[in-house]
Amino acid sequence: MKNDTAYIRELASLAPIIPVLVVDDVADAVPLAQALVQGGLPVLEVTLRTPAALDVIAAMAGVAGARVGAGTLVTAADVTAAKAAGSTFGVTPGSPAAVVDACLAAGLPLLPGAATATEAMTLHARGFEVLKFFPAEGAGGITTLKGLGGPLPDISFCPTGGVSPGNARDYLALPNVVCAGGSWIAPLDLVKAGDWDEIERRARTAAALPR
Ligand code: 3PG
């Protein structure tokens, strides 16, 4: 089965930042997604790191305008569960063949994780043109992305991991960066506090970042 780069490119075109979400309580799912969509960030990565994550995905999938995906896919079983919950895309921190194969078999468009030239080339050879560069800061950040852009100009990246309001603009200015991911828009403390106004404000600021 083919991978769906076109869908991932469409997602990347919708907003400069993909909020990375860790949600403990399914009751927070709808107001959180509404705040982010309202703020101009419709593409949402819900990490499978809490027991509630699959229910959160299912609830957010019903929010008008939201494009909900599952992050932290680390097993083939995660892929099956994420798809069944209503995810329209998946995100992985790294890209073992078993997880990539599971996404292809499930028809789940994938933003696959890569941190090195070899990983990026291996994924590109399988047809993936947009990759999550993770962990962005730990793997060399902007310097590494500039280095990869020379020999691998056809590969685009969504850096995630250490991207912040202080450096997002510089990442987004790179020619091989199509969007970036980050948790600062909706960190767990703001979600637990139900501070949807502050989350919407952060989303609005992030959505206005140039690229
Ligand atoms: C993650 O998977 O947690 C993301 O990489 C988010 O990283 P951040 O918290 O540094 O934005």
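Counting convention: from 1, in listed order, for ligands and their atoms alike.
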Given side chains that start at C-beta, do those of L131 and H124 come closer than 4.5 Å, heavy atoms only?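 Of all side-chain heavy-atom pairs linking H124 with L131, none is under 4.5 Å.
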If only side-chain N and O atoms count, and only distance matters, is there a donor-acceptor pair under 3.5 Å linking R67 with T88? no
Using 0.5 Å steps for rounding, measure from the OG1 atom of T205 to the CH2 atom of W184. 10.0 Å
Among all the protein's non-hydrogen atoms, which is closest to [atom], and how far away is it?
{"atom": "atom 10 (O) of ligand 1", "value": "G162 N, 2.7 Å"}
{"atom": "atom 5 (O) of ligand 1", "value": "F134 CE1, 3.1 Å"}
{"atom": "atom 2 (O) of ligand 1", "value": "R49 NH2, 2.5 Å"}
{"atom": "atom 11 (O) of ligand 1", "value": "S183 N, 2.9 Å"}

Under a 4.0 Å threshold between the charged nitrogen and the carboxylate oxygen, would D195 count as salt-bridged to R202? no
Of all the atoms in ligand 1, which lie at a distance below 4.0 Å from a heavy atom belonging to G182?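 Checking each atom against G182, I get 11 (O).
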Atoms of ligand 1 under 4.0 Å from any heavy atom of G161, numbered from 1 in the order shown, are 5 (O), 7 (O), 10 (O)
So which bit of W184 gets within less than 4.0 Å of ligand 1, heavy atoms only: side chain, backbone, both or neither? neither
Evaluating non-hydrogen atoms only, which member of T47, T160, V163 is closest to atom 6 (C) of ligand 1?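 Going through T47, T160, V163 one by one, T160 has the nearest heavy atom to atom 6 (C) of ligand 1.
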Using a 3.5 Å distance criterion without hydrogens, assess whether the side chain of D170 forms a donor-acceptor pair with backbone atoms of N167. no
